[in-house]
Amino acid sequence: MIALYEGRGACAEVDSDTEAVAGVGFKLGCISCKRRTEVIATATVKWYFRGKGESDFFHIYSYNEDGATVESDNFVDRVDWNGSKRSNDIQDASIYLLNVTFNDSGTYQCFFDRILFYDNYEYTTVITKVVKLTVVAKATRGTASIVSEFMMYFTVIGLQVWLLIEMIYCYRKISAHGEEALREAANAEYLAIATEGKDNCGGVQVGE
């Protein structure tokens with residue numbers, strides 16, 4: 001009996017990275033989100049691979065309610081499931097390649113065979129995702145990485161300029177308040193002296 005679980009977690013379809021480094025592991029991303037998370041569903045996954053310069057795809061990996069199966073001898077002991085766990089409602093079908101080689105360069109296809117269970121009927125759909133993988137000897141900086149770094153430096157510089165402007169503004173405001181307070185104190189002192197002089201003059205007139 002197949003156990004079905006309702007997918008209620010957040011899901012975002014993020015494209016897979018496409019550049020792997022020889023000799024290390026690499027995640028082949030494959031995500032297909034349901035449009036209506038409240039609908040119960042089940043899915044099976046199949047991965048296919050076509051090497052660089054080759055014309056045909058061949059089946060390399062399967063995943064269903066019974067678990068994972070490596071379908072190609074070239075990938076035995078080199079593929080781990082890295083997708084949805086503890087649920088047959090698979091939305092993340094990512095796999096992890098171990099010890100990537102240059103022969104792993106090529107095109108990967110990920111197929112979702114999904115059944116949606118509605119009240120009065122079932123709906124079957126097939127979703128395909130494609131990952132074009134390039135294997136390099138050494139990691140290179142992509143455009144996104146360069147732009148991200150530039151934006152980080154731009155943000156830091158912008159914050160520093162903003163803090164400097166705020167400090168100048170606050171200093172001028174404090175200085176202005178200080179000058180105003182000094183003027184008010186001087187005016188108050190002048191008025192006090194003037195009032196006292198006026199009172200003294202009034203006393204002299206009375207005495208005469």
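Only heavy atoms go into these numbers, but all of them, side chains included; no hydrogens, no water, no symmetry mates. These numbers were taken from a predicted model, which means no experiment stands behind them. Numbering starts at 1 and runs along the sequence shown.
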Point-to-point distance, once rounded to the nearest 0.5 Å, from [atom1] of [X] to [atom2] of [Y]:
X	Y	atom1	atom2	answer
S72	Y61	OG	OH	13.5 Å
T107	R50	OG1	CZ	4.5 Å
I40	Y118	CD1	OH	11.5 Å
I31	S84	CD1	OG	8.5 Å
C33	Q91	SG	CD	5.5 Å
E65	N88	CD	CG	6.0 Å

Report yes or no: do D89 and S87 form a side-chain donor-acceptor pair below 3.5 Å?
no
Side chains of E71 and S62: is there a donor and an acceptor less than 3.5 Å apart?
yes
For a 4.5 angstrom cut-off between non-hydrogen side-chain atoms, does [X] reach [Y]?
X	Y	answer
N103	K52	no
C110	F112	yes
L98	V79	no
Y108	L97	yes
I127	F111	no

Indicate yes or no for a side-chain donor-acceptor contact from [X] to the backbone of [Y] under 3.5 Å, with no hydrogens or angles considered.
X	Y	result
Q109	W47	no
R114	Y123	no
D17	E19	no
S105	V135	yes
S16	G29	yes

One thing to verify: whether D104 and R78 come together as a salt bridge, which I'm taking to mean a side-chain N less than 4.0 angstrom from a carboxylate O.
yes
Tell me whether the count of non-hydrogen atoms from other residues, nucleotides or ligands lying under 6.0 Å of [atom1] in [X] goes above 12.
X	atom1	value
F58	CZ	yes
D77	CG	no
K46	NZ	no

Write down the atom of F102, the atom of A137, and the distance for their closest heavy-atom approach.
CE2-N, 3.9 Å
F117 to T42 - nearest heavy-atom pair and separation
CE1-CG2, 3.6 Å
Please determine which of L133, N99, I95 meets the side chain to side chain contact (heavy atoms under 4.5 Å, CB included) test together with F26.
L133
Please say yes or no: joined through hydrophobic side-chain contacts below 4.5 Å, possibly via intermediate residues, are [X] and [Y] part of one cluster?
X	Y	answer
Y121	L116	yes
V131	W81	yes
Y63	I115	no
V76	L28	yes

List, by chain and number, the other hydrophobic cluster members for V130, where Ile, Leu, Val, Met, Phe, Trp and Tyr join if side-chain heavy atoms come within less than 4.5 Å, directly or indirectly.
none
Flag the pair F75 / F49 as yes when their ring centroid distance falls below 6.0 Å, and as no otherwise.
yes
